[in-house]
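Comments concern the structure below.
All chains are named by letter (A, B, ...) in the order of the sequence lines, taking the proteins before the strands, and each is independently numbered beginning at 1.
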Amino acid sequence: MRPLLFLLSLSAVYAQNGTADGATRADWPHYGGTQLSWRYSALNQINTANVKKLVPAWIFQTGDYADNLQATPIVVDGVMYLITPRAQVSALDAATGRLIWQYRYPPNQAGILRNSGVAVSAGKVFFGTRDNYLVALDQHTGREVWKTNVDDRKQCNCSISAAPLVVKDKVIVGGNGGDRAERGYLTAFYAKTGRLAWRWYVIPGPGEKGNETWKGDSWRFGGGSPWMTGSFDAGLNLVYWGTGNASADFYDADRVVAGADKARDANLYTASVVALDADTGKLRWHYQEVPDDNWDYDSAYEVILMDREIRGRMRNILVHMNKSGLTFVLDRTSGEFLGVFSVPEVRNWITGVTEDGKLVGRNEPKLGKTETFCPSVYGAKSWNSIAYSPRTGLLYMPTNELCNDATANDTKPVEGAGMMNAALSPKLPPNRATYSHVDAWDPVTGKRTWSYPYKYVLAASLLATAGDLVFTGDPEGNFFALDARSGDKLWSFQTGAGHRGSAISYSVNGRQYVATPTGWQGTIFGSVAAALFPDASFRMGSTLVAFALPE
Amino acid sequence: MTRSLFLLAVAASAQNLPDVITQGEKVFSLTCATGYCHGVRGTAAAAPRLAGRGFDQTFINNTVRRGVAGTAMSGFAASLSPPDLIAVIAYVASLNGIANPSLAAGAAPAAPEVALSPDASRGRQLFSDAVRGFARCSTCHEVNGIGISVATPMAQIPASVPELRSLATPQVATANADGETMPALVLSKTSRSVILYDLTMPPPVMRTFEPPSVNLAEGSTWRHATVIGSYNDAELRSILIYLRDVAKP
């Protein structure tokens with residue numbers, strides 16, 4: 001029975017979806033599962049027929065409760081690597097939860113408390129820190145091998161919370177700071193030595209193409225930091241990354257050249273998807289999703305690489321959701337625009353998008369005036385990831401329906417200082433009973449197949465599996481499985497604390513596990529949710545729960 | 001010190017309380033309510049709610065001035081002007097039902113700003129000029145709270161640009177580790193580990209080796225001149241003027 005099922009699933013992959021294989025198997029080796037960022041496991045021992053029997057196999061309490069557990073765990077050869085927001089790194093036996101080693105970074109750093117994961121490669125465990133270091137540990141002992149400063153936190157106020165991306169012999173990492181007066185960049189270091197390999201600035205300097213899209217010297221502080229993790233296509237030797245918004249967020253008069261056409265590239269390469277040569281960091285192509293962003297609509301989220309037939313032709317594509325919920329389909333070889341769809345139900349920042357991807361009816365913030373914008377700066381989706389199943393051909397997308405009031409101001413840039421340029425209040429859109437949903441979307445047709453509504457907000461990543469299951473968790477502590485084809489809820493387990501991390505699946509000695517971080521988030525998204533839903537109970541913690549079928 | 005306390009008291013008493021609170025609300029709106037922070041009127045956005053929390057005057061004073069260690073809340077004693085600082089403290093106090101905030105209480109004035117000459121100001125900007133990426137002084141030197149303290153604090157400031165370029169660096173050794181040779185600044189050497197900065201290229205990398213795999217020899221081919229190549233003579237002159245200014249006792 002089992003081998004037959006497995007064969008069926010393989011044939012489905014190849015019949016429908018070209019050659020790009022973004023599925024994980026025994027290991028969960030990268031942040032997005034594989035470097036194609038599908039968050040999809042080809043394991044099908046746990047499936048729609050037996051998921052009701054799923055039970056916890058082991059539980060690991062990190063003991064570090066400072067802003068909870070928001071990472072994607074990595075599993076390589078039966079060992080799980082897990083990081084807390086204060087950079088306590090644990091190596092665990094992935095079958096039992098036994099602690100193998102633990103490393104603690106000096107804890108008293110300032111800056112945003114978040115760490116979305118480590119990268120594991122070539123005998124090392126890599127991670128970024130709140131004070132802007134990139135650190136490499138020995139994979140087997142947890143001892144520090146090298147550590148290098150990526151930027152001076154005292155000057156830029158920036159930090160690193162994204163999981164690094166290891167591409168061949170290099171570790172690539174971005175930084176936080178898109179809402180501050182700084183010039184964003186990606187930096188690649190050699191994995192073996194920690195030495196600098198290349199740096200790519202999001203904002204071109206004087207004399208470089210694209211600099212002319214910035215007014216005066218606003219390019220120096222124009223933001224754009226790529227603060228999440230990119231993807232890699234080994235065949236094309238290209239890394240793909242989404243960039244942050246332009247700074248200042250809600251006020252563009254000091255950064256946009258007079259008379260600029262806002263339907264065309266403005267403030268390059270902010271709010272864009274970029275393809276860089278993996279060896280040199282040179283820009284191959286770009287696609288700007290929100291020219292002259294004025295609403296904090298970053299393009300920093302995950303880039304999903306797949307091969308799909310579009311209008312009768314098999315194409316190498318990428319799918320990318322902007323924070324506004326506009327989701328773009330591009331040819332990943334050339335950057336050619338192939339399609340776009342808008343995911344949130346509540347939207348007033350534009351009236352629509354043309355067939356060639358241009359924004360229509362931009363609702364621009366006005367200096368000194370308080371206006372409501374939807375979606376909110378917290379995103380139609382937050383930085384938690386989408387999943388993609390090649391068996392169904394569908395994207396599984398967590399979506400929030402929130403708005404915010406913003407009053408724009410014209411504060412001038414001061415290096416390293418905040419530059420959001422608006423007083424903000426989150427608010428709920430009127431006349432709704434639910435404020436989030438998990439949706440299944442077909443990226444080729446741009447149509448929604450099903451939608452699973454939820455009362456509050458959703459902030460955990462999705463996981464899809466070859467058992468035709470979609471897993472995620474809610475802030476009330478429920479970890480649940482939906483049928484990938486219908487959206488019906490098939491199983492749920494109360495883990496005791498809210499979900500803000502990313503679930504994974506892996507196997508050890510033939511037994512499939514589904515593991516999820518729990519613990520919610522105390523600040524930023526967590527504070528917003530607490531303010532909007534004062535009667536709800538979104539509990540915090542810092543625990544990894546691994547589920548399996550009874551032996 | 002006494003003088004700036006006196007100025008604060010004058011600034012506060014020159015205005016009546018409602019004016020100060022109105023000013024505080026304006027400062028709050030532009031500084032504290034923005035971005036992923038406290039929201040309009042402190043009603044919570046992405047950072048904790050500040051209104052109606054029962055905070056007392058001392059707590060508000062200390063938190064606004066010094067920040068909260070280990071969180072994203074930085075201190076504002078240095079970045080806000082003294083009147084704005086007092087106003088925003090009074091405003092947050094008003095959000096917590098404190099009807100008569102003591103406007104000068106707990107006023108611990110920041111260290112007086114050293115007035116820099118135009119040349120020295122230019123030097124300060126160049127020292128940590130972000131446009132230069134890793135090719136800036138602050139990649140390896142920490143001065144006046146800016147920079148990464150890879151190099152030990154400067155013992156003396158070179159008298160001239162040629163002297164800066166030809167700076168002797170006998171503390172840089174040559175490390176031979178895992179089949180590589182590199183200029184190295186050794187941080188610690190015990191029976192279990194050798195920790196050093198690999199100075200092959202900026203930025204320096206702090207690397208840890210196990211003793212049998214590393215050999216150290218005195219001296220190196222590393223030269224200060226090669227890592228300051230992004231600056232011209234005029235720029236280096238400004239930087240030296242800045243360093244001399246801040247080095248004054």
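Between the CG atom of A:N149 and the CE atom of B:M206 there is a distance of 10.0 Å, given to the nearest 0.5 Å. A:S527 OG to B:H38 NE2: the interatomic distance, rounded to the nearest 0.5 Å, is 9.5 Å. Distance CE/A:M420 to SG/B:C37: 8.5 Å, rounded to 0.5 Å. Between the CG atom of B:L196 and the CH2 atom of A:W146 there is a distance of 14.5 Å, given to the nearest 0.5 Å. Here the CZ atom belonging to B:R207 is positioned 5.0 Å from the CZ atom belonging to A:R195, to the nearest 0.5 angstrom. Note that NZ of A:K147 is 7.0 Å distant from OH of B:Y197, once rounded to the nearest 0.5 Å.
Neither the backbone nor the side chain of A:T370 comes within contact range of chain B; no heavy atoms are under 4.5 Å apart. Neither the backbone nor the side chain of B:F209 has a heavy atom closer than 4.5 Å to any heavy atom of chain A. With a 4.5 Å cut-off on non-hydrogen atoms, A:R153 does not touch chain B at all. In this structure, the portions of A:K192 lying under 4.5 Å from any heavy atom of chain B include both its backbone and its side chain. Only the side chain of A:Y201 comes within less than 4.5 Å of a heavy atom in chain B; its backbone stays farther off. Looking at A:R199, only its side chain comes within 4.5 Å of chain B, counting heavy atoms on both sides. Contact annotation for A:T523: both backbone and side-chain heavy atoms come within less than 4.5 Å of a heavy atom of chain B. For chain B, the nearby part of A:Y133 is the side chain; its heavy atoms alone come within less than 4.5 Å. Using a 4.5 Å cut-off between heavy atoms, A:F250 does not touch chain B at all. Only the side chain of B:M182 comes within contact range of chain A, with heavy atoms under 4.5 Å apart. The parts of B:S29 that come within reach of chain A are both its backbone and its side chain, each placing non-hydrogen atoms under 4.5 angstrom from that chain.
Residues A:L196 and B:P203 are in side-chain contact: their nearest non-hydrogen atoms beyond the backbone lie under 4.5 Å apart. The shortest side-chain heavy-atom distance between A:D152 and B:I146 falls under the 4.5 Å cut-off.
Shown here is A:R143, whose CZ atom has no more than 12 heavy atoms of other residues, nucleotides or ligands within 6.0 Å. Under a cut-off of 6.0 angstrom, the local environment of NZ in B:K26 is sparse, with at most 12 non-hydrogen atoms contributed by other residues, nucleotides or ligands. In this structure, B:K189 places its NZ atom where only 12 or fewer heavy-atom neighbours from other residues, nucleotides or ligands lie under 6.0 Å away. Within a 6.0 Å sphere centred on CD of B:E210, heavy atoms belonging to other residues, nucleotides or ligands number 12 at most.
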Worksheet item: Is there a side-chain contact (heavy atoms from CB on, under 4.5 Å) between B:F134 and A:T187 once you walk through the steps?
Response: CA-CA 11 Å; B:F134 294 112; A:T187 319; 4.3 Å; yes
Discussion item. Please determine whether side-chain contact (heavy atoms from CB on, under 4.5 Å) holds for the pair B:V131 and A:W219, giving the CA-CA distance in whole Å, both sets of side-chain angles, and the decisive distance to 0.1 Å.
Written reply: CA-CA 10 Å; B:V131 169; A:W219 62 274; 3.9 Å; yes
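Minimum heavy-atom separation, A:E144 to B:T208: O-CB, 3.4 Å. Of all the heavy atoms in B:A130 and A:E415, the pair that sits closest is CB-OE2, 3.4 Å.
Between the side chain of A:Q155 and the backbone N or O of B:S128 there is at least one donor-acceptor pair closer than 3.5 Å.
Checked options A:T148, A:L134, A:T193; the residue passing with B:V205 is A:T148 (criterion: side chain to side chain contact (heavy atoms under 4.5 Å, CB included)).
Per-residue counts of heavy-atom pairs under 4.5 Å with chain A were compared for B:T31, B:L30, B:T139; the largest is that of B:L30. Your options are B:V150, B:D178, B:I148, B:I195, and the one with the most heavy-atom pairs under 4.5 Å with chain A is B:I148.
Between B:D129 and A:R183 there is no salt bridge, since none of the side-chain N atoms of the basic residue sits less than 4.0 Å from a carboxylate O of the acidic one.
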